[in-house]
Amino acid sequence: MSPQVPQLQVMAFSAGLIIVALSLWVFLGLLPLRVLLHGLSIAPPHRALQLSLGFVLGAAVTAAAFMAGSEHPRLVALGVAATSLIAAWHCFHISTKRKEFFWRRDTGLAAYNTFSTLGLIFAGLLCLHLALILAENLTRSVYPWDAWTTWIYRTKLWFFNGEIAPLLPPALWLSEGGPAQGTIAAHDYPAFMSLIALYPSSLVNEWSDHWVNLPWGLCALALAAGIFGLCRELNISRTAALFAALALFSAPLLHVHFAMAGYADAWMAATTGLGLACCLGWAHKRQTSVLVCGVIFLLLGAFIKREGMAWLGLALIWLVGWEIIRHYPIRAALCSALIVTGIGGLLLSEGLLPLGPLGQLGVSEQQLFLGPLGNFALSDQAVLGVYQASFITQGNWQLLILLWILSCCVLVKRNGALAVASLSLITLFWLSQYAIFRFTQLGDFAVSGTAINRLFLHLLPALAVTIGAGFHQLSAEHGDGLHRYRVWLVGVGFAGVLVVGIVGTMLSVHAGSPKTPTQRFDQSNLQAFAGQVTWLQPGFQLKPTGGGVAAAGRRNNVLIAADYPYARIVLNQAPKSLSFFWRRQDTPGDFHTVPVSTRQTLLALHQNAAWRDSVVIEYGLVQGGEPNPRPIVHDVSLLTSASFSDIATLMTRWLAPKPHNYQSINFLSADAADTWPSSNSAVIAAAVLIMGLLLILRASRSATLKGYGPLASLSVAALLGLFLLGEAIALSGHTARLPMNTSAANTPADKPFELAQRLKPHIPAATPLLIFPASPAQSFQALRLAYDLLPRPAYAVLPEPGLSTTRFPRDWPGLGLLLDSAANLPKTFNRLHTSAFGGAKSLQAGEDWMLFQGPAYSSQNDMLPALQLKQAGALE
């Protein structure tokens, strides 16, 4: 027998033990929930909703136990497991002893026979989603950004230190020489997520990146159960409730946030998101149990991320406003006008309203004060285009947004209150996010895709409940009609093939033809500046410090590069040393170019990885080679046209998608491999338009569809078919990414891990380590390296405009690790030596790294033998 077989058996046993222990969180949270509902004389909600709330409550109890017993996390984990087991036994003992069901029997309407088969399809697809998420949790190591820099970083440090201690701010950590508790940039983030991830490894007393992923898989199951249970509590049919849960997980970004574990926004969807959905359900059915569950969900979300506090406050404002509007609409309108006028006057007057211990409210000296939420620098960001690209034309959400719009249209006639409630709730939260991104410096996180999509995850459960209600009403009113038109339902397959063929033909015929561009500038609105250019092999790098080059660019129109695969450039005369350039951010080296060879040039930008994978903050033309060059541009247009070869490339990438990277956790559409083809957006929009027209026609006639039945059935089937097609594509992508060989030797993502393993034996345990990535290209590896070096305290310093501007103590008593290309290492180290670390001394260098000691570090340390480090460097 292979020696790996017993090891696999041990791993399987440990995984099963952890999954069982995590599942018992349900009963750990269910007991206090039942006590609370019994004390308030409130009937318990649907069992699936109880399971969902019980799980997140159990997670909160576990986090609180870790905080109470911070010095002994191992004993706390065992105590929580034992308590969970006792709670489970107690729950079942009560149900048998008192001869009554612990769970209230299922409520709601039975599923309509017409949709019973469809319900099985929905259930199967939902189970496949959850199974893939759990499989990826078990096979994928912690990856990437937030996990390494925030949540799981703390978890790993606490596990190896055997103590839960606060992390120091980076400045304090640097000045004190790096004590054992370490540091991260987000040192003051709430500890809830890190404590939850600590439970599995503490339970089995073994660190594993795979174990810390498992709570996310169980949380996904709890979220699906919560959506299903809430829909059933609102008397929505089983099939419609399953469709609501499936529609939620059809959003690829939500699936990825659970699969690539280590992120708080997935748990925000399962707490704050379900809380907002419960508030919406209470506005619809007025069930007290639903409202109580919603408030508990919202309170739990406030402990996970700071956004949870803002959403809790907005939800309470919406609930109060909804009640006032229902009973006193005129008074509510007058009060709302007065409140809006007062807030607007306060903001325009640049005065501050004191809120006591909560801070201040208002605008002063280009700062926005929002009380307990903090202060924000005012800015002006154009983000509407980013919203449109993110939610409609790209593949982050599939059909979720359009399905919600359609459901609101369906609900208008019979359940107008629910449609209005859903629309007002989503609009309130969207306006709050839009205001933050539009008028503060946080807009940078929107245009880069870092926050705009992740915040929207918190609202998805409310959308899903509305979709379930709309699907239920549609099936309840037209079940017999759709049954009569089953021939039309079968015919949708032929119609789908026909539509795809027509779209493909149109794209092939019009490939390369000029279309009306969304982004364009001409000679009249050039933003020219002079600079100095350094010619490189692939292009050149602009340094705006002197003469010799002129560049004309367009800013303030941040765009997603993947949306514009082509650039058309028209010049007044033949070009001379002219190139099309773009930047992703204002950092050295981030300057990319493509030569312009003729007076009218069509550039295939999508073939350049630097363009395809980026959010562009500036683009334009740059010219050199003359004393006072001037760009001779007539106009520059970014085109959205596609070619037949692009469709073939998309299909190939669907069948064999690329692995996830640090961008896919924020913005799936950063690469064409993850996008829904733009041509499908037109088909989807046409289907929704047809449905809207039919609903208008139906509202003006009798209760039946009469002559519009076949067309209505075909439209519903076409939209449903597109949804299932998107599901097939998304699931195919997730399945293809499932085999995660995170220890492969020759992959770039594993170089930090290998380097960490080689350096660990040579770095004393109490020695602080600074990691310097010399360029943005090394930032990603530096962050992971700091994580892989744990429990050695390390801090990855992100690159700034220059190492000379980075402030570090000149008497640094620790070690430094410089990451750069082999050719630039000595030059970069000399710059570092002369600017930040006057007495820094090089110890050893590998192929793309250099280990050095700070000025105050003892050079007599015998734990750094030169021979061993040379061997490590040679291996690298």
Backbone N or O of [Y] within a donor-acceptor pair of the [X] side chain at under 3.5 Å?
X	Y	value
K760	D788	yes
D848	S821	no
N213	E136	no
N137	P215	no
W148	Y153	no
R74	L203	yes
R792	I763	yes
S84	L28	no

Search all heavy atoms of [X] against all heavy atoms of [Y] and return the closest pair with its distance.
X	Y	result
L314	S432	CD1-OG, 3.6 Å
H187	P170	CD2-CD, 3.9 Å
P190	K305	CG-CA, 4.4 Å
L851	L815	CD1-CB, 4.5 Å
S202	A77	CB-CB, 3.7 Å
V212	S201	CG1-OG, 3.7 Å

Got [X] and [Y] here, is their nearest side-chain heavy-atom distance under 4.5 Å?
X	Y	result
M850	S842	yes
D188	R306	yes
Y857	T767	yes
S141	H210	yes
L789	I771	yes
T272	L312	no
L223	L274	yes
L276	L298	yes

- Task: Classify the ring geometry between H458 and W311 as parallel (under 30°), tilted (30 to 60°) or perpendicular (over 60°).
- Result: perpendicular

Working to the nearest 0.5 angstrom, can you tell me the gap between [X] [atom1] and [Y] [atom2]?
X	Y	atom1	atom2	result
L783	D146	CG	CG	10.5 Å
Y795	I184	OH	CD1	10.0 Å
H72	F66	NE2	CZ	13.0 Å
L460	L253	CG	CG	8.5 Å
R154	I164	CZ	CD1	11.0 Å
L214	I133	CG	CD1	12.5 Å

- Query: Under 6.0 Å from the CZ atom of F159, do we count more than 12 heavy atoms belonging to anything else shown?
  - Reply: yes

- Count the heavy atoms of every other residue, nucleotide or ligand shown that sit under 6.0 Å from OH of Y434, and state whether that count exceeds 12. yes

- Task: Evaluate the criterion side chain to side chain contact (heavy atoms under 4.5 Å, CB included) for residue pair L167 and T183; output intermediate values, then yes/no.
- Result: CA-CA 5 Å; L167 273 66; T183 181; 5.5 Å; no

- Message: My understanding is that only one of W25, W211, F192 makes a ring-ring contact (aromatic ring centres under 6.0 Å, His included) with Y199; could you say which?
- Response: W25

- If we ignore angles and hydrogens, is there a donor and acceptor under 3.5 Å between the side chains of Y787 and D209? yes

- Task: State whether a side-chain donor-acceptor pair under 3.5 Å links S194 with W158.
- Result: no

- Scan I452, N453, L459 and name whichever one has a side-chain contact (heavy atoms from CB on, under 4.5 Å) with F456. L459

- Query: Does the side chain to side chain contact (heavy atoms under 4.5 Å, CB included) test come out yes or no for W267 and W151, once each step is laid out?
  - Reply: CA-CA 12 Å; W267 283 79; W151 311 113; over 6 Å; no

- Item | Verdict with reasoning, L455 to I436, per side chain to side chain contact (heavy atoms under 4.5 Å, CB included) | CA-CA 12 Å; L455 280 181; I436 293 173; over 6 Å; no

- Task: Give the C-alpha distance, both sets of side-chain angles, the deciding distance and a yes or no for side chain to side chain contact (heavy atoms under 4.5 Å, CB included) between L759 and L769.
- Result: CA-CA 11 Å; L759 290 178; L769 178 68; 5.9 Å; no

- Task: Step by step, work out the ring pair (Phe, Tyr, Trp, His ring centres under 6.0 Å) result for Y263 and W216.
- Result: CA-CA 9 Å; Y263 296 86; W216 273 255; 8.1 Å; no

